[in-house]
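These values consider heavy atoms only, across backbone and side chains, with no hydrogens, waters or symmetry-generated copies. In each ligand, atom 1 is the first atom listed, and ligand 1 is the first ligand listed.
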Amino acid sequence: MTESRWYHTSPPAKLNLFLELLARREDGFHELDTVMIAIDWRDELRLRRTTQPGVRLSVDWIPNRAAVANELQVSEDDELLFIPTDGKNLVVRVLNRLSETLGLEGGWEVQLNKNIPSGAGMGGASSDAASALQLGWEAACETHPEMPASSKRELLLPLAAEIGSDVPFFLGGASLLGAPKSTEGIQCARATGRGEKLEFFPLANPLHAVVLYPAASVSTAKVYSRCTVPDSPRSSDDLVLALQGMSAETTFSLHNTLEAPARGLSSRIDPALECLSKAGLTHCHMTGSGSACFALADSSQQAALAAKTLRSTFPGGALIRPVMSCVVPSEIHIA
Ligand SMILES: C[C@@](CO)(OP(=O)(O)O)[C@H](O)COP(=O)(O)OP(=O)(O)OC[C@H]1O[C@@H](n2ccc(N)nc2=O)[C@H](O)[C@@H]1O
Ligand SMILES: Nc1ncnc2c1ncn2[C@@H]1O[C@H](COP(=O)(O)OP(=O)(O)O)[C@@H](O)[C@H]1O
């Protein structure tokens, strides 16, 4: 077995523009209707195949742990900065499963540099896992040229869904069908089921936003456990049409049913929503199971200015960034 070259990409985060519970399932999960966009707040992931078995993962923060701790106003060993490097990391888990599925000898060397806050409702772990799947496939094809490219979709999609509800979203749509990237322009998806059943669609216009992570970790399981399925769930139909520029309505509304229970679990979400609203931004909501919140801006300039103002006015530690919608999956480069 030979070693491969280094493959790298920049896993994007996501925002849930809409999230509604439809039913509680027998397996303890909920049937969802959610609309997700990928945003250009990115981790950095590099990997190669090695002759040594197992997954050797090293993790650091961008630009460095001390700078991120300072921005969050926490110590460098605070729980907020903890990222597992063992089998609890979804990157390790997905590469072990890929090796098993493809019957690969040897192992993997991985470098993960975090930018996306962990446990923020921004899908950082799920996105890293999807990128590791994509890079792992490319590296495996280099050392095993006999692998049929046609089997990529039927092999990777089930693995992604097994690792987490949001992982399939970050694999993207057309790219798994082998369509050339340029024909994609896909930046949004409606997800149902646990979140793994996806309908990708193009945004009529790029979305600009400010994301504010208020230095608080919220347990996804606890948030869901405090939710009740509404008698008449809202539908994302109108939003999906509006995002594609296919609605007669000039305005649209966003919604996240996990927001209320999450606000009861963390006192940092209300001030985040309030400050985003006072910064002249619209559609202020929490993403996913939180604690990160976002608000839409009319342009990248308005988003940059609002983020700058918020960094000087928001009380306590936070990561505050202007962001823009982007395509999934992210570009793969070979070093
Ligand atoms: C909330 C969302 C919204 O996009 O993302 P994040 O906020 O985590 O980014 C997802 O539904 C996160 O899905 P997933 O990645 O599977 O959540 P996990 O952390 O694996 O699940 C933790 C727990 O959340 C509950 N859960 C999760 C997904 C789902 N559709 N229904 C649920 O009830 C289950 O109790 C599960 O055991
Ligand atoms: N690659 C990873 N990056 C960040 N957190 C990870 C990763 N792999 C596993 N985790 C664990 O997953 C949880 C956070 O997952 P993450 O996707 O960042 O949260 P959310 O889905 O709420 O945005 C934490 O418990 C963290 O320890």
Side-chain angles (χ1 to χ4, degrees), residues 11-39 41-45 47 55 57-62 79-95 110-133 160-170 189-198 211 213 216-229 256-259 261-262 265-266 269 285-294 319:
K14 57 89 179 164
L15 297 176
N16 297 77
L17 301 179
F18 181 94
L19 195 155
E20 181 65 287
L21 301 188
L22 304 181
R24 189 166 167 70
R25 298 159 41 133
E26 290 300 307
D27 63 3
F29 281 75
H30 287 82
E31 290 288 329
L32 294 181
D33 175 5
T34 185
V35 174
M36 289 185 277
I37 59 164
I39 56 170
W41 188 332
R42 298 173 181 277
D43 286 345
E44 294 296 327
L45 181 68
L47 67 76
V55 182
L57 169 64
S58 61
V59 179
D60 203 346
W61 283 91
I62 299 171
E79 190 61 24
L80 291 179
L81 291 170
F82 171 73
I83 304 293
T85 53
D86 60 7
K88 291 191 183 67
N89 195 300
L90 297 192
V91 168
V92 173
R93 208 178 299 171
V94 82
L95 289 173
V110 191
Q111 294 167 357
L112 171 61
N113 288 318
K114 293 297 297 182
N115 212 3
I116 303 169
S118 177
M122 296 171 70
S126 304
S127 189
D128 294 343
S131 287
L133 259 183
E162 177 191 317
I163 296 296
S165 309
D166 288 352
V167 181
F169 166 71
F170 290 106
R190 177 183 199 170
T192 52
R194 260 182 33 211
E196 81 287 0
K197 293 176 187 159
L198 295 160
V211 178
Y213 169 65
S217 177
V218 183
S219 154
T220 302
K222 275 198 186 138
V223 172
Y224 271 110
S225 69
R226 292 172 175 231
C227 283
T228 47
V229 177
N256 183 351
T257 201
L258 302 182
E259 205 167 288
L265 285 168
S266 168
I269 294 171
H285 282 280
M286 183 184 81
T287 177
S289 56
S291 64
C293 296
F294 68 92
L319 300 180

Proximal candidate to atom 3 (C) of ligand 1 [heavy atom criterion; set T220, L19, T34]
L19
Give me the residue, atom name and distance of the protein heavy atom closest to atom 9 (O) of ligand 1.
K14 NZ, 3.0 Å
Within a strict 4.5 Å, meaning less than it, do heavy atoms of the T287 and N256 side chains meet?
no
State, to 0.1 Å, how close P84 and L57 come at their nearest heavy-atom pair, and which atoms those are.
O-CD2, 3.9 Å
With side chains defined as the heavy atoms from C-beta onward, is the minimum distance between S217 and S118 less than 4.5 Å?
no
For ligand 1, which atoms, with element, lie under 4.0 Å from some heavy atom of G123?
9 (O)
Look at ligand 2 and say whether R93 reaches it with a heavy atom at a distance under 4.0 Å.
no
Looking at every non-hydrogen atom in both residues, tell me the closest pair between N16 and G121 and how far apart they are.
OD1-O, 4.0 Å
Of the side chain and backbone of K114, name the one, both, or neither that has a heavy atom under 4.0 Å from an atom of ligand 2.
side chain
With under 30° as parallel and over 60° as perpendicular, where do the rings of F294 and H285 fit, or are they tilted in between?
tilted
Option with minimal heavy-atom separation from atom 1 (N) of ligand 2, where the choices are I116, D128, I163
D128
Below the 3.5 angstrom mark, is there an N/O of H30, backbone or side chain, next to an N/O of ligand 1?
yes
Residue pair L95 / L47, side-chain heavy-atom distance below 4.5 Å:
yes
Are side-chain heavy atoms of L265 and S219 found at a separation under 4.5 Å?
no
Atoms of ligand 2 under 4.0 Å from any heavy atom of K88, numbered from 1 in the order shown, are 8 (N), 9 (C)
Side chain, backbone, both or neither: which part of A125 comes within less than 4.0 Å of ligand 2 when only heavy atoms are counted?
both
R194 heavy atoms, cut-off 4.0 Å: which ligand 1 atoms fall inside?
30 (N)
Can a donor-acceptor pair be found, under 3.5 Å and without considering hydrogens, that links the side chain of T192 to the backbone of L32?
no
Considering non-hydrogen atoms of the protein only, which is the closest contact for atom 27 (O) of ligand 2, and what is the distance?
P84 CD, 3.3 Å
Note the single closest protein heavy atom to atom 34 (C) of ligand 1, along with its residue, its atom name and the distance in Å.
G28 O, 4.1 Å
Atom CG in L21, atom OH in Y224: separation rounded to 0.5 Å?
6.5 Å
Atom 10 (C) of ligand 1 sits nearest the protein heavy atom D166 OD2, 3.5 Å
If I apply the N/O under 3.5 Å rule, does L90 come out as touching ligand 2?
yes
Contacting atoms of ligand 2, where contact means under 4.0 angstrom from a heavy atom of M122
23 (O)
When you compare the side chain of I116 with that of Y213, does any pair of heavy atoms fall below 4.5 Å?
no
Honestly, for I83 the part within reach of ligand 2 (heavy atoms, under 4.0 Å) is side chain
Would you please determine whether V218 falls within less than 4.0 Å of ligand 2 on a heavy-atom basis?
no
Return the closest protein heavy atom for atom 20 (O) of ligand 1 as residue, atom name and distance.
F29 CE2, 4.8 Å
Nearest-contact summary for atom 14 (P) of ligand 1 - protein heavy atom, Å
S165 OG, 3.7 Å
List every atom of ligand 2 that sits less than 4.0 Å from any heavy atom of G119, numbering the atoms from 1 in the order shown and giving each element.
14 (C), 16 (P), 18 (O), 19 (O), 22 (O)
Would you mind listing which atoms of ligand 1 come within a distance below 4.0 Å of any non-hydrogen atom of L32?
11 (O), 30 (N)
Does any N or O in the side chain of E44 come within less than 3.5 Å of the main-chain N or O of N113, such that one atom is a donor and the other an acceptor?
no
Can you find a pair of side-chain heavy atoms, one from W41 and one from L319, that are under 4.5 Å apart?
yes
So is there a nitrogen or oxygen of V91 less than 3.5 Å from a nitrogen or oxygen in ligand 2?
no
Among D43, N115, I83, find the residue that satisfies the side chain to side chain contact (heavy atoms under 4.5 Å, CB included) test when tested with W61.
I83
How long is the gap from CD on E162 to CZ on R93, to the nearest 0.5 Å?
9.5 Å
Please list, in number order, the atoms of ligand 1 under 4.0 Å from a heavy atom of G288.
7 (O)
Identity and separation of the nearest protein heavy atom to atom 25 (C) of ligand 1:
Y224 CD1, 3.3 Å
I'd like to check atom 17 (O) of ligand 2 in this structure: does the protein have a heavy atom lying under 4.0 Å from it?
yes
N or O pair under 3.5 Å between S126 and ligand 1:
no
For ligand 2, is there an atom lying under 4.0 Å from some heavy atom of G123?
yes
Contact between L45 and V110 at the side-chain level, heavy atoms closer than 4.5 Å - yes or no?
yes
Show the atoms of ligand 2 that are less than 4.0 angstrom away from any heavy atom in L112.
1 (N)
Distance in Å, E196 CD paired with F29 CZ, rounded so as to fall on 0.5 Å steps:
9.5 Å
For atom 24 (C) of ligand 2, which candidate among S126, A129, S118 holds the nearest heavy atom?
S118
Student check: side-chain heavy atoms of F169 and S126 closer than 4.5 Å
no
Between G121 and ligand 2, does any nitrogen or oxygen pair lie at a separation below 3.5 Å?
yes
With a cut-off of 4.0 Å, which atoms of ligand 1 are near a heavy atom of A221?
23 (C), 24 (O)
Heavy-atom closest contact (L198 atom, A191 atom, distance):
CD2-CB, 3.7 Å
Near N16, which atoms of ligand 1 are under 4.0 Å from a heavy atom of that residue?
3 (C), 4 (O)
